Trainee: 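Have a look at the structure that comes next, please.
This structure is a prediction, so every number in the text was calculated from the model and none was measured. Numbers for residues simply follow the sequence, beginning at 1.
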Amino acid sequence: MTKVDFEKFGFDFKAVFNPRDYLHFYRRSVGDDLSEKQVAFFISHLEMSEPCKVLDLACGHGRHSIHLARLGHLVTGIDITPGFLKIARKMAEQAKVKIDFREGDRQKIKFRG
């Protein structure tokens, strides 16, 4: 996979994905109701009737990860933004679900199996 150099295109990744600003401006797009509907779609279309191991790449603040973990799935969430992961961990704790959140670049993931 080729790594995308966002700066080459004049895209300021850190400014666009500043956790506080992003969650403020996109709150309707990343809200709990929509996230729950999206997870229901995943479950249905991917036929996830039994608990599965799920890798949530670019998990952000964990909106899908948390819903999946509530349903009994074993979730690992990876994101490059420490601020989002901090929020994700806090939200998972409040939801009383265990999720393995890790900081990392999805373009450099080397999981096997």
Side-chain angles (χ1 to χ4, degrees):
M1 179 184 290
T2 305
K3 182 171 173 61
V4 178
D5 183 1
F6 291 107
E7 291 178 14
K8 175 179 166 185
F9 299 103
F11 183 83
D12 187 344
F13 182 89
K14 288 183 180 182
V16 173
F17 291 100
N18 173 293
R20 185 181 63 229
D21 292 344
Y22 181 87
L23 293 175
H24 172 77
F25 289 109
Y26 291 95
R27 68 180 170 265
R28 289 188 178 149
S29 301
V30 297
D32 211 37
D33 291 340
L34 179 60
S35 299
E36 194 171 322
K37 289 176 186 176
Q38 291 169 333
V39 167
F41 177 85
F42 302 155
I43 298 292
S44 171
H45 284 75
L46 297 174
E47 300 177 5
M48 296 169 65
S49 57
E50 299 292 322
C52 301
K53 289 182 180 179
V54 177
L55 177 59
D56 186 358
L57 290 175
C59 67
H61 65 283
R63 66 192 187 102
H64 294 123
S65 295
I66 291 168
H67 286 289
L68 288 162
R70 282 182 180 146
L71 296 172
H73 299 284
L74 181 61
V75 182
T76 299
I78 298 178
D79 200 274
I80 199 168
T81 308
F84 279 135
L85 292 170
K86 183 177 179 181
I87 294 167
R89 289 181 182 112
K90 184 175 182 177
M91 289 176 58
E93 183 180 320
Q94 290 172 347
K96 296 183 169 88
V97 293
K98 186 175 180 172
I99 300 170
D100 181 11
F101 286 114
R102 301 180 187 190
E103 184 177 342
D105 184 339
R106 66 176 176 77
Q107 297 182 77
K108 296 179 182 177
I109 299 300
K110 295 186 183 190
F111 280 114
R112 294 185 185 171

Trainee: Quick one: are Thr76 and Cys59 in side-chain contact, heavy atoms under 4.5 Å?
Mentor: no
Trainee: Would you say the side chain of Leu57 lies within less than 4.5 Å of the side chain of Ile109, judging by non-hydrogen atoms?
Mentor: yes
Trainee: Could you grab the distance from atom CE of Met48 to atom CD of Glu50, nearest 0.5 Å is fine?
Mentor: 11.0 Å
Trainee: Taking side chain as C-beta onward, heavy atoms only, is His64 less than 4.5 Å from Val54?
Mentor: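 Heavy-atom side-chain distance check fails, nothing below 4.5 Å.
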Trainee: Considering only residues two or more places apart or on different chains, which pairs with a residue in residues 88-100 satisfy salt bridge (Lys or Arg N to Asp or Glu O under 4.0 Å)?
Mentor: Asp100-Arg102
Trainee: Drop me the distance from Ile78's CD1 to Arg106's CZ, to the nearest 0.5 angstrom.
Mentor: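 Answer rounded to 0.5 Å: 11.5 Å.
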Trainee: Taking all atoms of both residues into account, what is the closest heavy-atom pair of Gly72 and Pro51, and its distance?
Mentor: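 Where Gly72 meets Pro51 most closely, the heavy atoms are O-CB, 3.3 Å.
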Trainee: Take atom CD in Gln94; do more than 12 heavy atoms of anything else shown fall under 6.0 Å from it?
Mentor: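 Buried by this count: over 12 neighbours within 6.0 Å.
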Trainee: Taking side-chain contact (heavy atoms from CB on, under 4.5 Å) as the definition, give me every residue that meets it alongside Arg70, ordered by chain and number, with sequence neighbours left out.
Mentor: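 Result, side-chain contact (heavy atoms from CB on, under 4.5 Å) vs Arg70: Ile66, His67, Ala95, Val97.
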Trainee: Could you report the tightest heavy-atom contact between Gly62 and Ala88, atom names first, then the distance?
Mentor: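 Closest pair (atom of Gly62, atom of Ala88, distance): N-CB, 3.9 Å.
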Trainee: Is there a chain of hydrophobic side chains (I, L, V, M, F, W, Y, each step under 4.5 Å between heavy atoms) that links Leu46 to Val75?
Mentor: yes
Trainee: Should Phe42 and Ile99 be regarded as members of a common hydrophobic cluster, given that ILVMFWY residues are connected when their side-chain heavy atoms come within less than 4.5 Å of each other, either directly or indirectly?
Mentor: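 Per the 4.5 Å side-chain linkage, Phe42 and Ile99 are co-clustered.
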Trainee: Supply the atom-to-atom distance Asp79 CG to Glu103 CD, rounded to the nearest 0.5 angstrom.
Mentor: 8.5 Å
Trainee: Could you grab the distance from atom CZ of Phe101 to atom CG of Asp56, nearest 0.5 Å is fine?
Mentor: 7.5 Å
Trainee: Leu71: what forms a side-chain contact (heavy atoms from CB on, under 4.5 Å) with it, not counting sequence neighbours?
Mentor: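 Once residues adjacent in sequence are excluded, the partners of Leu71 under the side-chain contact (heavy atoms from CB on, under 4.5 Å) criterion are Val39, Ile43, His73.
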